[in-house]
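Report on one structure; see the data block that follows.
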Protein chains: 2
Amino acid sequence: MAGIEEVAKLAGVSTATVSRALSGRGHVSPASKAKVEEAAARLGYVVSSNASSLASGRTRNIGVVIPFLNRWFFSSVLEGAQRALLRRGYDLTLYNLSGEGNERSSVFEHFLLRQRVDAVIAVSLELTEHEVARLHDLGKPLVGVGGPIPDVPTLTIDDAAVARLATEHLIALGHTRIAHIGGDLEFDLDFHLPTNRRTGYEGALHDAGIEVDLRLFAPADFTIRGGYHAAKQLLGAPHGRPTAIFAASDEMAIGSILAARDLGLVVPRDVSIVGIDDHDLSEFFGLTTVAQFPRLQGEMAVDVLMERLEPSTPDAPAPAATPLPYELRVRSSTAIPPV
Amino acid sequence: MAGIEEVAKLAGVSTATVSRALSGRGHVSPASKAKVEEAAARLGYVVSSNASSLASGRTRNIGVVIPFLNRWFFSSVLEGAQRALLRRGYDLTLYNLSGEGNERSSVFEHFLLRQRVDAVIAVSLELTEHEVARLHDLGKPLVGVGGPIPDVPTLTIDDAAVARLATEHLIALGHTRIAHIGGDLEFDLDFHLPTNRRTGYEGALHDAGIEVDLRLFAPADFTIRGGYHAAKQLLGAPHGRPTAIFAASDEMAIGSILAARDLGLVVPRDVSIVGIDDHDLSEFFGLTTVAQFPRLQGEMAVDVLMERLEPSTPDAPAPAATPLPYELRVRSSTAIPPV
DNA sequence: ATGAAAGCGCTAACAG
DNA sequence: CTGTTAGCGCTTTCAT
């Protein structure tokens with residue numbers, strides 16, 4: 001493994017110049033820069049990130065703390081963040097908190113503190129004040145994705161607005177008996193997404209003069225399976241069956257489609273179904289949904305961090321709570337209600 | 001941020017003792033060890049991984065190179081590896097190669113070489129000799145998961161045996177017209193899994209005296225959607241329809257179940273379907289499958305690496321190609337063939 | 001624009 | 001079992 005000294009020798013300059021030429025900080029004449037680059041390439045030289053970090057205090061590494069890896073939303077955010085970081089020459093160190101609670105504390109008490117990361121991205125995690133403070137003390141910027149964290153810049157879609165849009169789509173088609181499959185309480189603890197979506201749903205009904213019928217609400221766990229069971233309850237009722245279901249996630253909506261089929265109902269003729277996400281599977285199922293763009297959210301989180309780590313303009317405007325895009329995608333799971 | 005010196009002062013010992021007490025290498029009296037730990041806790045001291053790495057040459061960080069994040073197999077392997085590493089106090093730095101080809105080369109030419117990782121786990125990646133050599137030169141152990149890499153210890157299920165087991169299950173039920181949905185060529189380039197599974201399938205047929213009918217093979221892309229379309233082809237044939245389908249992955253098998261339903265066929269009465277994986281969704285669909293355990297595979301990969309990084313016994317036995325467990329899970333998608 | 005040299009914070013001989 | 005000390009490989013003032 002060639003060191004900086006060898007590169008310096010080969011290029012006929014000092015190690016300081018090599019460092020400057022390769023990192024881009026400080027001025028170096030084009031001539032020396034070329035010589036250094038050529039020498040580095042010839043020797044296959046790559047800076048040691050440890051030595052560099054120790055000397056400079058910057059690691060060029062970002063920590064991403066995330067509760068799940070095997071769910072569409074989370075893996076998509078992760079993918080977006082990874083891409084954006086790689087492009088900028090940053091590494092991504094992953095902390096998955098899917099296990100029990102003590103993993104969480106060890107991540108916050110040890111892993112994140114050992115100076116391995118310059119900043120952290122917390123995905124759908126409600127951090128305690130103490131956790132935030134700990135990071136803050138170290139001067140590590142923190143940005144959240146999905147689920148607001150007090151005093152921390154966070155990227156999160158407007159869940160109420162998204163839910164309202166989905167519901168309004170059904171209302172516009174003429175539906176009035178619109179059921180909702182939302183999150184159960186357990187899910188609401190971590191981030192208030194289910195509540196917010198439900199609020200949007202109820203708001204839309206209310207504005208349309210439709211009374212909210214509590215019997216048309218069913219909780220589930222955001223999985224296909226959970227959505228299936230919830231929808232069976234809703235659609236199996238002998239009287240007053242809803243003509244439409246708004247599910248708080250595409251996976252639950254897909255479960256609802258399958259439940260409808262098993263009950264002999266034709267979607268969308270007998271029942272319309274709409275979800276939120278635009279999950280990978282949604283197109284296949286012809287699911288109408290409100291798309292959110294988690295990959296983009298991951299990328300944007302990186303953008304926000306970079307602006308704080310390497311401000312392009314001195315007056316870095318801290319985007320407090322950037323609104324994120326979403327978009328209704330009408331496919332074949334929604335139609336006018338049965339006559 | 002407290003440093004080692006302050007801890008040493010507070011504990012009344014030298015920095016060397018602090019280092020030894022906290023890292024566990026070298027002998028320290030229980031008394032000093034206790035004092036050091038107490039002092040460290042009081043000051044909220046955590047070693048700087050950079051300084052430690054630079055001085056010791058060990059980073060306590062493992063690189064994981066993986067082609068997808070949003071597929072069940074891959075995210076499960078990742079999750080397993082992450083858990084196992086966290087438990088041992090290691091970090092995991094992620095390199096996702098899902099983008100274009102140049103991401104791959106930059107990962108191998110720069111990221112992995114900057115001394116940030118002690119070792120790398122390559123998931124379902126066929127590395128070039130050059131890539132392997134590059135890592136080898138740096139003295140970085142490398143272990144593969146899924147898909148053999150020449151001269152590198154690799155954890156991979158016996159795809160042929162797994163496929164054979166699935167097929168034999170169908171044969172034992174009395175099926176003789178057994179179709180196979182396998183990978184298309186594109187998939188075979190990276191790791192020969194599709195070919196191996198097909199070989200197992202054909203071997204089982206052959207041993208049972210059943211002739212392989214090429215018309216009963218359909219390629220797909222390992223997704224639900226792909227499996228759906230392939231199965232429609234297979235099951236839509238007016239004559240000589242297969243009575244069973246063996247899909248090379250659960251996602252394709254699930255697609256097949258959906259296709260059968262759309263064609264008015266009842267599973268398993270009219271057609272039996274079996275997959276490989278035991279995907280999260282398989283139980284919900286009642287899919288009979290051969291389970292593999294990707295989370296375990298990720299954990300085992302870490303075990304193998306640890307044995308090389310921190311040998312427990314001097315005579316570290318390099319496990320060349322550990323066979324991995326798999327298990328037939330019979331559910332409700334397979335039955336005797338229609339009369 | 002470039003070089004000399006002083007560390008960054010810790011670990012690992014080496015003594016004792 | 002513990003302290004002393006010399007680096008680990010690079011970045012960054014401070015001069016020039």
Side-chain angles (χ1 to χ4, degrees), chain A residues 1-37 39-40 43-61 89 110 113-118 138-139 309-310, chain B residues 1-37 39-40 43-61 89 110 113-118 138-139 309-310:
Chain A
M1 200 58 195
I4 197 175
E5 204 128 354
E6 302 168 54
V7 177
K9 202 159 296 169
L10 183 56
V13 296
S14 71
T15 62
T17 299
V18 173
S19 174
R20 286 189 277 248
L22 261 28
S23 72
R25 14 188 93 239
H27 283 204
V28 180
S29 74
S32 341
K33 180 160 184 188
K35 279 190 299 185
V36 169
E37 280 170 350
L43 298 171
Y45 171 76
V46 177
V47 295
S48 154
S49 64
N50 287 313
S52 169
S53 301
L54 183 56
S56 69
R58 282 174 268 95
T59 65
R60 297 182 75 78
N61 187 29
H110 296 291
L113 303 181
R114 50 185 185 189
Q115 312 263 49
R116 183 162 287 171
V117 300
D118 288 337
L138 289 170
L309 255 23
E310 308 171 350
Chain B
M1 200 57 194
I4 197 174
E5 205 127 354
E6 301 169 56
V7 177
K9 202 159 296 170
L10 182 57
V13 296
S14 72
T15 61
T17 299
V18 172
S19 173
R20 286 190 277 251
L22 262 28
S23 71
R25 16 189 89 242
H27 283 202
V28 181
S29 75
S32 340
K33 179 160 186 189
K35 279 190 299 185
V36 169
E37 280 170 349
L43 297 172
Y45 170 76
V46 177
V47 295
S48 154
S49 63
N50 287 315
S52 171
S53 301
L54 183 56
S56 70
R58 278 174 273 97
T59 65
R60 296 183 75 80
N61 187 28
H110 296 290
L113 304 181
R114 51 186 186 189
Q115 311 264 50
R116 183 163 287 171
V117 301
D118 288 338
L138 289 170
L309 255 23
E310 308 172 350

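Chain naming here is simple, since letters A, B, ... match the order of the sequence lines and numbering starts at 1 in each.
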**Asked** Is there a donor-acceptor pair under 3.5 Å between the side chain of Ser53(B) and the backbone N or O of Arg58(B)?
**Response** yes
**Message:** Between Ser56(B) and Ala31(B), which residue's closest nucleotide on DNA chain D lies nearer the 5′ terminus?
**Reply:** Ala31(B)
**Request:** May I ask you to verify if any side-chain N or O of Ser19(B) is less than 4.0 angstrom from the OP1 or OP2 atom of dT11(C)?
**Result:** yes
**Prompt:** So, the side chain of Asn50(A) versus the backbone of Thr59(B): is there a donor-acceptor pair under 3.5 Å, distance only?
**Reply:** no
**Asked** Just to confirm, is there a sub-4.0 Å distance from OP1 or OP2 of dT2(C) to any side-chain nitrogen or oxygen of Ser14(A)?
**Response** no
**Message:** Can you tell me which nucleotide in dC8(D), dA12(C), dT11(D) comes closest to the side chain of Arg58(B)?
**Reply:** dA12(C)
**Message:** By the 4.0 Å heavy-atom rule, please label Val13(A) as base, sugar-phosphate, or nothing.
**Reply:** sugar-phosphate
**Asked** For the atom pair OG (Ser49(B)) and NE2 (His110(A)), what is the distance rounded to the nearest 0.5 Å?
**Response** 14.0 Å
**Request:** Give the nucleotide from the list dG3(C), dC10(C), dC10(D) with an atom nearest to the side chain of Tyr45(A).
**Result:** dC10(D)
**Asked** At under 4.0 Å between heavy atoms, what does Arg114(A) touch on the DNA or RNA strands: base, sugar-phosphate, or nothing?
**Response** nothing
**Request:** Identify which nucleotide among dT2(C), dT2(D), dT11(D) has an atom closest to any side-chain atom of Thr15(A), counting heavy atoms from C-beta outward.
**Result:** dT11(D)
**Message:** Strictly below 4.0 Å: does Ser29(B) bring a side-chain N or O up to OP1 or OP2 of dC1(D)?
**Reply:** no
**Message:** I want to verify a distance call: between dG7(C), dC10(C), dT2(D), whose nearest atom is closest to the Thr17(B) side chain?
**Reply:** dT2(D)
**Message:** Using a strict threshold of under 4.0 Å (side-chain N to carboxylate O), is an ion pair present between Arg25(A) and Glu310(A)?
**Reply:** no
**Item:** Nucleotide of dC10(C), dG3(C), dG9(D) approaching Arg20(A) most closely (side-chain heavy atoms)
**Value:** dG3(C)
**Request:** Test Leu22(B) against Lys33(B) for side-chain contact (heavy atoms from CB on, under 4.5 Å), laying out the working first.
**Result:** CA-CA 8 Å; Leu22(B) 262 28; Lys33(B) 179 160 186 189; over 6 Å; no
**Message:** Below the 4.0 Å mark, does dG9(D) have OP1 or OP2 next to a side-chain nitrogen or oxygen of Ser48(A)?
**Reply:** no
**Message:** Please report the distance, rounded to the nearest Å, between CG in Leu54(B) and P in dT11(D).
**Reply:** 11 Å
**Prompt:** Rounded to the nearest Å, what distance is computed from the CZ atom of residue Arg25(A) to the P atom of nucleotide dA1(C)?
**Reply:** 17 Å
**Prompt:** Base, sugar-phosphate, or nothing: which does Ser32(B) touch, judged by heavy atoms less than 4.0 Å apart?
**Reply:** sugar-phosphate
